[in-house]
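Report on the following structure.
None of these values were measured; they are calculated from a predicted model. Ligands are counted one by one from 1 in listed order, and the atoms in each one are counted from 1 as well. Worth knowing before you read on, the calculation uses all heavy atoms, side chains too, and leaves out hydrogens, waters and symmetry mates.
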Amino acid sequence: MAKQHSMDEQYVKHILEMLQLAPSGAFLANTDGNYFFVNEEWERISGLSFDQSLGMGWTNIIVAEDLPRVKAIIQDAIEHPGEGAIDYEYRIQHQQGVRYCRSHGRMVMDEHRQPLYIIGYIQDVTEERQHTFRLQELTASLERLTKLMNESEGLSKTGGWEYDLDTREVFWSPQCGRIMVNDMAEDFVPDFKHLQAICAEQEHARDLENCARRAIEEHEPYDFVFRHVMGKWLRVIGVPVVKDGKVAKLQGALMDITDRKEDELALARITDALIRSKQLLEISQEISQTGGWELNPQTREVFWTPQTYAIYGMPADYVPTLDDSLSYFSESDAEYILTTLDQAIREQRTFILELRTVTPGNEKKWVRVIGVPLVKDGQVTLVQGAIMDITAKKEDELELIKAKNTAEAAALAKTEFLSVMSHEIRTPLNGIIGTTTLLQLNHTPEQKEEIDNLSFSANHLLQLINDILDLHKIESGNLALRPTEVSLFELARDVTNQFRSLAELKHIRLESVVHTNVPQKIMGDPVRLNQILNNLVSNAVKYTDQGAVTITIRALSVTDKRIEIHFSVKDTGIGIPPEYHETIFESFKQVQQASSRKHAGTGLGLAITKKLIELHNGSITLKSDIGEGTEFSFNLKFDQPMYNHKPAEPSSSLVAAYRKKLGSLKVLFVEDNAVNAAVGKRHLEYFGITGDFAVDAEEALELLKHNSYHMAFVDLHMPGMDGYALSEALRNEYPDVYIVIFTADILNDVRVRLAKLNIFDIMSKPFKLEDMLNTLLRVMQVKSIGLTP
Ligand code: ADP
């Protein structure tokens with residue numbers, strides 16, 4: 001037993017020594033877990049000394065969190081002995097920091113299978129654990145990364161792909177699959193060919209294949225955009241993966257860039273349109289010679305379009321400024337431009353200016369400048385505008401104004417000339433006709449024929465002058481109709497009477513037929529109607545040697561207000577050849593036929609007649625055959641007469657009735673022409689008026705100072721103070737004196753000028769006794785003067 005004991009002791013001692021040498025930490029504990037032995041390795045691993053670890057000392061270094069678990073395991077092993085190994089891991093607080101330990105123990109039983117003690121080993125597994133942790137972390141972050149990649153793939157519309165050149169296998173990421181084939185089925189096996197198959201355009205497929213080939217052969221990465229069969233735009237990036245100097249794989253990304261591509265295409269379209277409209281603008285500016293400009297009122301920055309550079313002749317690299325631009329104008333114009341600009345900005349208004357400019361190259365031009373303020377948030381941010389070279393137009397305009405002025409001056413000169421001429425001719429004619437009239441009243445029987453000849457010639461001359469003046473008046477639009485109550489019966493009778501003796505002389509009948517449907521009176525201009533019929537009848541009688549001349553007047557329609565009358569003058573004379581039917585209405589045009597040479601005439605009659613009819617808004621018609629005769633006809637419209645009409649014109653029998661009867665009228669006669677003054681004096685004397693005579697305005701004013709007059713006859717053209725000035729003086733100083741102007745000027749201008757002085761009584765020279773009587777009676781009526789018994 002002792003030997004046994006000694007053997008045993010020996011044995012235990014050896015075992016313990018052996019344990020001391022073991023490369024693992026070893027311990028022995030009783031069944032309660034109290035340590036009673038640890039080897040050196042245990043001490044090293046735990047950092048505890050032999051003494052410190054005894055009993056429950058070993059648990060002192062276990063990390064607090066792990067301790068309950070360790071205790072529970074040991075407790076469990078004690079309670080259920082014989083159930084095998086006691087394995088546990090725990091952390092200890094070592095001087096070098098936390099370390100991981102793995103313990104592997106076992107309950108040792110006695111021969112009665114009663115727990116004797118616990119033996120065990122520990123290992124420092126810190127390194128191993130750290131590896132595991134790192135691996136776990138790596139896996140976790142890999143998972144996170146993959147998740148992130150998948151998410152970002154979805155967001156970025158980017159997928160990944162790979163092609164193994166050895167196995168010819170193709171890998172597509174889910175997103176790549178979605179982009180390629182919309183929804184990639186689980187069992188779908190992608191093929192390299194798919195990439196080409198989904199190209200919308202053959203050309204793209206070919207190029208893509210070439211890219212891949214180049215990547216493989218020349219190790220070149222590629223980046224290629226193509227259109228998908230479904231209309232999407234895709235971008236594929238391919239990178240060769242080189243292994244041992246050879247391309248083993250192609251890897252890459254696939255992106256759906258439809259949105260970006262469409263934006264790009266839209267942008268391209270807009271840019272295209274912009275470029276086109278800019279080109280158009282430039283072309284139109286060039287064609288229309290219009291430049292554009294822009295001014296920033298805040299910064300005073302100026303921008304010009306190319307055409308503006310062209311207008312000013314400036315090189316393209318010149319930078320325009322406001323001050324420079326203004327210096328191309330005169331100082332006052334520049335100031336005007338600035339004021340206009342200010343106003344346009346203040347009132348937010350467009351402006352147009354036409355100015356003369358001198359370009360830096362010293363070229364003189366006219367420009368039209370248009371400016372439009374651009375308003376943003378109620379503020380003018382820019383003034384934009386156009387500038388046009390209007391030099392040619394302006395020059396034409398100025399030329400035109402010059403031509404117009406010249407034409408106007410010429411017309412004025414013509415009118416002036418006619419006015420003066422008519423005055424100059426009519427004044428002596430007044431003397432001749434006046435004297436003849438007086439001679440006709442008082443002559444010896446043997447003088448009668450000579451006086452009649454004199455009267456005829458004078459009247460013919462008067463007719464000619466009147467014709468020329470009439471034509472001029474009508475042509476210059478100065479002749480206005482003066483409608484009054486007229487009897488067409490009387491008109492026809494007067495005209496017939498006028499030509500009766502001539503017709504009798506030629507042995508032709510002269511008839512007038514006025515239909516009974518013609519109203520007794522119409523509102524017409526007797527002078528002009530007479531002139532029309534006179535001209536036509538005169539011609540008819542002149543160009544008819546046998547047969548008859550017939551005047552026909554009949555009403556076409558009669559209403560309350562209007563009357564339409566048909567007039568016809570028909571003859572059985574020589575007729576007018578058809579080729580002359582148009583031209584005879586022109587001034588001074590006559591038919592050159594042998595038989596007509598004997599007929600004297602001015603060639604103005606028909607021209608005036610046609611124009612007078614047109615003045616009545618009518619038109620003349622001619623029907624004529626050679627040898628058969630001629631008919632001139634026309635329709636005119638008149639107003640029905642109103643009741644407040646003027647009294648009838650006095651007839652020659654009336655003149656006689658007032659002989660020596662108007663003596664109570666006090667008359668001042670102002671006339672510088674001695675013959676006319678003498679004629680006036682005799683006319684007045686015929687009516688019993690003595691009258692005072694002045695040769696000029698000064699003398700007239702002198703007479704007015706000492707005498708009072710009912711009326712004054714005032715000649716317009718006088719040396720010194722003329723008729724207009726005298727009339728004005730009379731109006732102001734002697735308003736009671738009734739003014740009657742007598743003049744040879746019967747042009748409208750004269751009437752207008754006199755009307756401005758409130759003078760409407762005009763007697764045109766030469767005047768007849770009837771005219772004189774008419775005027776005198778009117779004054780007597782106004783002044784309520786009675787007749788001399
Ligand atoms: P004139 O003063 O020469 O008569 P008109 O203008 O009155 O001028 O007429 C122009 C021409 O028309 C006349 O010269 C004449 O040849 C022709 N003519 C006018 N009226 C007639 C007519 N009734 N019969 C024939 N010829 C006429």
Practice prompt. Give a yes/no verdict on whether any heavy atom in N535 is under 4.0 Å from an atom of ligand 1.
Written response: no
Worksheet item: Angle class for the F713/F669 ring planes (parallel below 30°, perpendicular above 60°, tilted otherwise)?
Response: tilted
Worksheet item: Closer than 4.0 angstrom: is that true for some heavy atom of Y580 and an atom of ligand 1?
Response: no
Practice prompt. Examine the side chains of S568 and S633 and answer whether a donor and an acceptor come within less than 3.5 Å of each other.
Written response: no
Practice prompt. Record the part of T609 in heavy-atom contact with ligand 1 below 4.0 Å; permitted values are side chain, backbone, both and neither.
Written response: neither
Worksheet entry | Gap between atom OH of Y738 and atom NE2 of H710 - 0.5 Å precision | 13.5 Å
Response to the item:
Near F632 (heavy-atom distance under 4.0 Å), the atoms of ligand 1 are 20 (N)
Discussion item. Distance under 4.0 Å to a non-hydrogen atom of I576: what atoms of ligand 1 satisfy this?
Written reply: 18 (N), 21 (C), 25 (C), 26 (N), 27 (C)
Fill in: Heavy-atom side-chain proximity of L510 to V537 below 4.5 angstrom
yes
Item to complete: Could you tell me whether ligand 1 has any atom less than 4.0 Å away from a heavy atom of G575?
Response: yes
Discussion item. Please determine whether the number of non-hydrogen atoms from other residues, nucleotides or ligands lying under 6.0 Å from atom CD of E449 exceeds 12.
Written reply: no
Worksheet item: With only distance considered, is L606 within less than 3.5 Å of ligand 1 through an N or O on each side?
Response: yes
Item to complete: Identify the residue among E564, H616, K561 that makes a side chain to side chain contact (heavy atoms under 4.5 Å, CB included) with F638.
Response: H616
Worksheet entry | Per-atom contacts, ligand 1 versus I584 - under 4.0 Å to a heavy atom | 11 (C), 12 (O)
